[in-house]
Structures are given as structure tokens and as C-alpha cells.
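Values reported hereafter were calculated over all heavy atoms of this structure, with side chains retained and with hydrogens, waters and symmetry mates removed. To find a chain, count down the sequence lines: A is the first, B the second, and so on, and within it residues start at 1.
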Amino acid sequence: MLDKEGIAKRIAQEIQNNSYVNLGIGIPTLVANYIPKDIHVCFQSENGLLGMGPFPKESEVDPDLINAGKQTITMLPGAALFDSAMSFGMIHAQKIDLTILGAMEVSEMGDIANWKIPGKMVKGMGGAMDLVASAKNIIVAMQHVNKAGESKLLPTCSLPLTGIQCVKKIVTELAVLSVLPEGGFKLLERAPGVSVETIKKATLGKLIIEGEIPEMAFD
Amino acid sequence: MLDKEGIAKRIAQEIQNNSYVNLGIGIPTLVANYIPKDIHVCFQSENGLLGMGPFPKESEVDPDLINAGKQTITMLPGAALFDSAMSFGMIHAQKIDLTILGAMEVSEMGDIANWKIPGKMVKGMGGAMDLVASAKNIIVAMQHVNKAGESKLLPTCSLPLTGIQCVKKIVTELAVLSVLPEGGFKLLERAPGVSVETIKKATLGKLIIEGEIPEMAFD
Amino acid sequence: MINKKVANAEQAIEDVMDGDTLLLGGFGLCGIPENCIAALVKKGVTNLTCVSNNAGVDDFGIGLMLHQKQVKKMISSYVGENAEFERQLLSGELDVELIPQGTLAFRCMAAGYGMPAIYTPAGIGTEVAIGKEVRNFKGKDYLLEEAFDAKFAMVKAWKGDTAGNLIFKATSRNFNTVMAMAGKITIAEVEELVEPGELDPNQIHVPGIYVHRIFQGDHYEKRIEKKTISV
Amino acid sequence: MINKKVANAEQAIEDVMDGDTLLLGGFGLCGIPENCIAALVKKGVTNLTCVSNNAGVDDFGIGLMLHQKQVKKMISSYVGENAEFERQLLSGELDVELIPQGTLAFRCMAAGYGMPAIYTPAGIGTEVAIGKEVRNFKGKDYLLEEAFDAKFAMVKAWKGDTAGNLIFKATSRNFNTVMAMAGKITIAEVEELVEPGELDPNQIHVPGIYVHRIFQGDHYEKRIEKKTISV
């Protein structure tokens, strides 16, 4: 079973060389810490920056330079600044190769719910609906079950949707799964020490298991 | 009867203080030479410049700085550069207060034809269709009759249209006329030494003459 | 050049009336028109509809206007981190329309470009699409979203000149450019106001034609919402 | 940073095939991709559809490609001043689609912003509107115009870095920005190519994400179409 850092570490393996990536808030943010040294990746922050660097040192803090999570950040050499319209323009034009975000629920058709829980104060969808409506490739980073122990991988989402038929892959504390175009969660890898049986029990949507399921490999 | 410089000089009187103006090719370009000293006006060139200045001195010529007529130009202090999309964006958003352009024909409904003559090589509409479709105020600078002696102020245009119901005022070598919203050319002023009778003969569209028509006044 | 300079925020906003719609630049607390907001609070104008990506925090930004109950409706993409906001929303005093962040940006851009509406894929298949026109282009569905029609835009830039030209710094650019372009009356506050000719025409983010009033603001707090440091 | 640098124009355009659609930046002869055009002429690729505001002059710019009969169709707003162009057009060798200049810009911008189509008032009531959808918003008619779908864009910038970030000079910006954003494969030639970090991130006109290949061009002629001097 993986902790949050483990999920981030596994997702980092999915990042291809020379790609533009948008990281959501939460576990996705941690992914940046695990990018292999030989991989060139450029992070977009949808409030208007390509080439986002690490958090600043105390002396470098600039209130005019924040990321989409409103944290202070830095820019790497070769960074570019732009406005929110161009930012979502490049998202909609599918210039971002990979979007990594958290979710409350994912359906076996690849629908995602991650912005609203009826009866609770709604904070808003921010840029999530734009990202999921446009991304070429979306990986969801989330826990396999919610705090009540219920599966978050479902036949259909019960919560209000953020987007439809968009999630391509899911990485949880238990497994890596792809969402098939025809529907269904295809089990690709097990977390270290996690059995297929455990994953089956935690998955309410259609789970597809073909052959031997390997354990995730970490360097 | 006015020459081209006279038409330009009369149109310059129409320019209000603190206005943004787009000048078309031909007579409209000459208008810039007659703006009163106490009037602040900012000229837009639709290839991406606000704050267009005079033609450069030989030593100032820059091939990267031209106007929409492809002439070398200069920028005034406070100028701003932008791309073609923003340029036509500000045109369509009606940020330009006044557009002055030439025409082959104008109809009594304010339709304008100025880009194409059937049977002749067509060069294209350039930015004219955008300008006439969006401008708050359009003044046409043209000769009252064509080279064949036929009126260019018509009940309806015979040439392919550039835009419809858009021309607000016309200044010719003979007269100043406004186009009424309900249709018709209302005669406002006569050129020096030109009789109402002469204007009547040169105007094929509905001409509205009310009371005494004053002669144009120049300082 | 056409001179857009006004003395201060009070003068810039003097004709804002109860019930007006305002576009307010900024993302979180980054690049918000601090001086205009302070002047609106002082003026006490009410029943405002505010279009802004976020709603400030309890004691800063639009939060200051919410605290005084000046806002009737917020149109935003994300409104977290504001207890008074939550209280007014739950009590029904405040109306909130949540829209995708890209849609917010594009509806401003559309206004600034004279486009009546734009098509966006954001919100397809969600409650955001309810009651809206869906149209398929080349196999993909899009929602039709209308341009904003707002009386005022208030933006904050880094540098500006008296002709209204604006330059923004870093990520404080965000919605400020497109809102500046979208306002019927656009008010820009800047950290440094210079004379025409002092800004490089090649580096201007918003040409002065879009800006109706400009002033040099003062006492910029530039509060940081989530100061995060590398160790 | 992701490195977009290629050696030269020949390498940048090596996969352009007969029949491809190219977006070519520039207004008149200002800001045209001189090196890319020279390489296309050398390569001899034919049956091209070229989207460009103008068509060059007889012996420069796209005129060089027309002279070699490499162009099957031009999509432009204004094509005057080119005798060979006129000859090919009248003889039926060349197909020309004339569209309003703003429509040309917006159809590029739409592609770069992921918008399938945009509404524009330009051309309403004219032959440009024939066969197109007209829609009324708030009492005004607009035409629906589709985003360009072009395999290549070729643009010319003043400065660029190897990450693909571009800065343009003066009015050579024109269509270059929106075409750079619109290409499926965007090739940028620059007068000066620098390392990442040498350009101010705040001054970049086209972020590198839109640019796939970049090289430093040489022998820029920058021919002036109408040199006009004050006396």
C-alpha cells in the first residue's frame, strides 16, 4: 500500500520526456519532486505561467508570483508569463500533454467528480472543468476508497460531474488502472504487498483483470 | 469644389478631441495632416499599432514598422504595439471612435461598396469589412461622381458590398451629407462655390434638402 | 496622446452606482485592485454584481466588500477560504454563480474582442451545461457562453502611462488583461504611473485604448495567501 | 526546459509534403518567414494551400513560391501588387479565397485557443456571408467562421530562445503570434536565438509551448514595400 508520496512517485514514472504538464492541488503537486533527472518537463500553472520552479527561498518570495494553488513559487530559466485567457487557450487547444489531478469519484466510463458535494459548502470548480474537458491525457491521483470506506471507482459517479469520458489512468494507494475507451477499469499494477483480491474489494466499478498483475516497480 | 486636400481638411473638422481614429488608404490618410493642434487624437493602424506618427526621416526608416498601407511610419510617445487579432478585437469591440475610408459607392441606406469591381482583378477587402461592420462612426471620403460621370451616391449600390447600413457621413468635393437612419442623404454643407443644383444633379440617391444649405467653413 | 489620468481611486470610481456590475482583476489576492476596492468600501455602494475569479479572504480583497454587505452577487470560479462569504451564501443574502475559470476568462476576452459569445468544451456533461446551448463541431461538444456585459472593470497593473497603456508583473497579469479589455469603463490602478514614451511600446500588455481612467495607487499591501518556502 | 532548436530552415521544413496547408506570418513583407520560404522554394514542394494576409510581391515573399507554381490555393485578405499572382489566378492555375482581415486573425486565434469557431460581424450582408451561418445576438448579426485547421505554421520573430519563446518587434508581430498558436506544427525563425533565461518571461509574446521548432535565420533582407519618408 502506498502513501501519498508513493502515489506521487509512481505517477512521476508516467511523465514522458519533453512534455508539458499541469499538476492539480494535493497529491499531484508532490509529483514534481519525483521527476527523473534526465526527463525534461515543463510545468504549467493555469494562472499564467509555463516553467514553474520550486518554492522560493525566504529572500526570493514575490507576492506577484504564485501558482494556481496560491502558493508562492519561482520561475525556471525559459519560463513564460501570460494571462488567464491564453492559459486556458493553450489548455483547450490541447497543448498540455498531461494533466494530473485529484478526484472524489471516477466512473468506469472515465467520468470524473471532484468539485462539489451536495449539502456541503461549494468552493467552486476553478480550472478543473476546463482541464478535464480538454486534456489529451488525464491521470487521476486519489485514494481508492473514501473516508467511509466506499469505493471511489464506480460504475457511475454519484457526485456532480466535473467532466465526462476524460480520465485515462488512475493511480491509488492500491493500484494503477487504465480506463478503457469501451468502459471499465483495467488493472495494470498492484501496489507493493497489495493483493488483487484487495483491489477487487475496493473497486465497485467494472474491474478488468487479465493475466498476472505485476507489482509496481520503483527504482 | 474641393480638391483631395480640401476633402481631407473638411473631414479633419469632424474629429473630436480625445478620439481614436482609423484612417483608410487614399484621401483618408491625408486627414492626419489637418488635425488642429489643440485636438488629441490617436491613430490606429490595423496591422497592430496605436499612436501612429508621421512618416520617418531617412535615418529612422525601420522595415519592421509599417502602417496598414505598407508605408514606413513612426510611433509617437505613448504608442502601443499588438497583434492582428487584438487589433481587430478592438475594432470589433467598438473602441475606435471614428473610421474614415474611401468608397466606390454609398447607398442611401448607408451601405458601402469599396472593394471589388466585377470583371476587374480583385485585390481583396483587407480590413475594410471588419471596420465597416463594427465602427461606431464611419465617414466616407470620396468623389461625388465616378470617372464616367455617374453618381456614387445611389439608391442602392450596384457593386458588391463591403458592409451594410454603416456609413454615417460623406464628404465629397461638392458637399457634406449625413446618411439618415431611415434612409436618404441629408445635405449639410456645400463646398465653396458649389450650388445645391450641382449637388442635386450629382446625387442619384434620395437627397434631402431642408432650409438654407450653408457653405463649408474653413479657418 | 489621450490623457486618462485621474487623481486617485475615489475620483476613478465616483460614478459607480448601486446595482452596477464590476469586473475585478486578480487571482486569489495576486494582482487585485486594492485601491479601487478600498474606495468602493469607503463609498459604501451596494447591490453590486462582482465578477472575479475569487472572492478574497475575510479581511482582504473583495472580502472587505462582502463584510459590508455591498455585494449582491458573485460570479467566480472558486470562492473558498472566506467564512463571511459562506455565512452570507448559506443565509441567502448573497447569490453566487460558479463558472469554470476558462469560461470566466473567455467571456471577458469575448467582450474585449467584440465577440458576442464563444464556444467552450468546459462544463459539457455537467450541471454548468444546464439550460445552455450545446453544439457539436467535428465530433466534440461545446457550450455557447455569452460575453460579459459589465459597466466597469477595475484592474491593477505594475506600470502604466497616462495614455492608459499597462504592463503587468509575473502572475499578477491573470484576469487583469482580459477584464481591462472587457469593461465599458475600465479603471486601472498602477504601482508606477509614468509619462507617455517611458514604456516600451513592444512590451505593453493592454493598450491604452481599453483604459478610461488610470491612477497611481498607494500603500500596496500585496498580501500573500499561502506563503510557501523551500527548505 | 524542452529544447525546440533545429539547425536551420531546411531541417525545420523537411517534413512539409505536397498538398499541405501552411499558415505564413507577416503583413505585406513585414515579418514574413524569409528563411522558411526560401527553404520551401528550394525543396520544391507543391500543391500547397497558403494562409497569409498577403501574397508577397513578384520577386519576394510568397511571390517566390508562386513563381515556381508551388501554391494551389491562397487564403488571404489582400493580394494586390503581384503580376504573376494575377496571371495564375486569371488562367485558373491558382485558387484564391479572400476573407476579411479580422476573420483571418480570429480563425487563427480560435485554433490557438481551442475554439472550434467564432462569431464575427465582418462580411454580414456581403458575398462573404454566402453559404455561412448568420446568427443574431442582441440585435446584431454575426457570421460563424471556423477555426483554421493547418498542419504547419511558419512565423518570423525578432528574438527567441531554445525553449521556443518568441518576442516580436514593432508591427512585424501582426499575424505571427496567432499563427504560431494555431499551427499543429509551428516553426519559428528568429533573428537572434538565445538560451533559456535570457528573455524576460514578462515580455514574451508567444510562449514556447506553441512552438515546435526554432532556428536562427540568416541574411534577412526585410524588403520594404513602400518606403515613405517625411520631408
Side-chain angles (χ1 to χ4, degrees), chain A residues 29 45-49 52-75 79 81-89 91-92 94 109 111-113 115-116 121-134 160-166, chain C residues 27-31 53-55 76-81 85-86 89-90 96 98-106 108-109 112 120-128 140-143 158 168-178 181 205 220-231:
Chain A
T29 305
S45 189
E46 67 264 26
N47 56 320
L49 172 62
M52 181 165 47
F55 297 127
K57 295 186 193 116
E58 182 71 48
S59 62
E60 294 169 335
V61 167
D62 180 352
D64 289 323
L65 184 57
I66 63 170
N67 66 16
K70 286 144 197 165
Q71 296 168 309
T72 47
I73 42 139
T74 58
M75 293 187 281
L81 295 156
F82 36 87
D83 67 18
S84 299
M86 186 183 273
S87 184
F88 284 94
I91 288 167
H92 286 206
Q94 303 203 309
M109 292 309 298
D111 300 346
I112 180 172
W115 76 286
K116 187 176 185 179
M121 169 68 187
V122 180
K123 292 187 170 186
M125 68 290 280
M129 283 193 184
D130 295 278
L131 284 160
V132 302
S134 309
L161 294 177
T162 309
I164 55 171
Q165 297 172 33
C166 54
Chain C
F27 181 95
L29 302 178
C30 181
N53 189 56
N54 312 90
S76 303
S77 87
Y78 191 84
V79 294
E81 292 102 32
F85 183 97
E86 189 165 346
L89 181 61
L90 296 174
V96 176
L98 292 168
I99 64 175
Q101 197 172 138
T103 303
L104 180 58
F106 294 150
C108 291
M109 190 176 80
T120 175
I124 284 290
T126 77
E127 64 183 53
V128 165
K140 185 167 177 169
D141 284 338
Y142 296 83
L143 288 181
W158 180 34
F168 300 86
K169 189 183 146 208
T171 57
S172 74
R173 200 184 313 180
N174 54 63
F175 291 88
N176 279 301
T177 50
V178 285
M181 290 188 264
H205 296 131
Y220 281 104
E221 180 178 335
K222 292 194 184 183
R223 194 183 297 187
I224 295 174
E225 211 162 334
K226 294 184 188 167
K227 185 169 157 182
T228 314
I229 304 287
S230 304
V231 283

Whatever's closer than 4.5 Å to a heavy atom in chain A on C:I124 counts as both
Contacting region of A:K57 [heavy-atom separation from chain C under 4.5 Å] | backbone
Atom OH of C:Y78 and atom CZ of C:F27: how far apart are they, to the nearest 0.5 Å?
-> 10.0 Å
Pick whichever of A:L49, A:I66, A:V122 has the most heavy-atom pairs under 4.5 Å with chain C.
-> A:I66
Heavy-atom pairs under 4.5 Å with chain C, option from A:A85, A:G127, A:P63, A:G126 with the top count | A:G126
Is there side-chain contact between A:F88 and C:M109, with at least one heavy-atom pair below 4.5 Å?
-> no
Are A:P56 and A:D62 side-chain neighbours, meaning at least one heavy-atom pair lies under 4.5 Å?
-> no
With chain A, the option among C:Q101, C:R223, C:E86, C:K140 that has the most non-hydrogen atom pairs under 4.5 Å is C:Q101
In terms of heavy-atom proximity below 4.5 Å to chain C, should A:A68 be classed as side chain, backbone, both, or neither?
-> both
What part of C:V96 gets closer than 4.5 Å to chain A, counting heavy atoms only: side chain, backbone, both or neither?
-> neither
Distance, nearest 0.5 Å, that separates CE of A:M129 from SG of A:C166 | 11.0 Å
Heavy-atom distance under 4.5 Å between the side chains of A:D111 and A:Q165, does that happen here?
-> yes
Do A:F55 and A:I73 have side chains that get closer than 4.5 Å, going by heavy atoms?
-> yes
Is chain C contacted by the side chain of A:T74, its backbone, both, or neither, given a heavy-atom distance below 4.5 Å?
-> neither
Before giving the answer on salt bridge (charged side-chain N to carboxylate O under 4.0 Å, His left out), spell out for A:E58 and C:K227 the whole-Å C-alpha distance, their side-chain angles and the decisive distance to 0.1 Å.
-> CA-CA 9 Å; A:E58 182 71 48; C:K227 185 169 157 182; 2.5 Å; yes
For each of C:A105, C:G80, C:P121, tally heavy-atom pairs with chain A at distances under 4.5 Å, and name the one with the top tally.
-> C:P121
In terms of heavy-atom proximity below 4.5 Å to chain A, should C:F168 be classed as side chain, backbone, both, or neither?
-> neither
Which bit of C:L29 is near chain A, if near means a heavy-atom gap under 4.5 Å: side chain, backbone, both or neither?
-> neither
Option that, when pairs with chain C are counted at under 4.5 Å, heavy atom only, ranks first among A:I164, A:L161, A:L65, A:N47 | A:N47
Check whether C:N176 gets within reach of chain A through its side chain, its backbone, both or neither, counting any heavy atom under 4.5 Å.
-> neither
For the atom pair OH (C:Y142) and NE2 (A:H92), what is the distance rounded to the nearest 0.5 Å?
-> 9.5 Å
Of the backbone (N, CA, C, O) and the side chain (C-beta and beyond), which part of C:F106 lies under 4.5 Å from a heavy atom of chain A, both, or neither?
-> side chain
Are C:P100 and C:V128 close enough that some pair of their side-chain heavy atoms sits under 4.5 Å apart?
-> yes
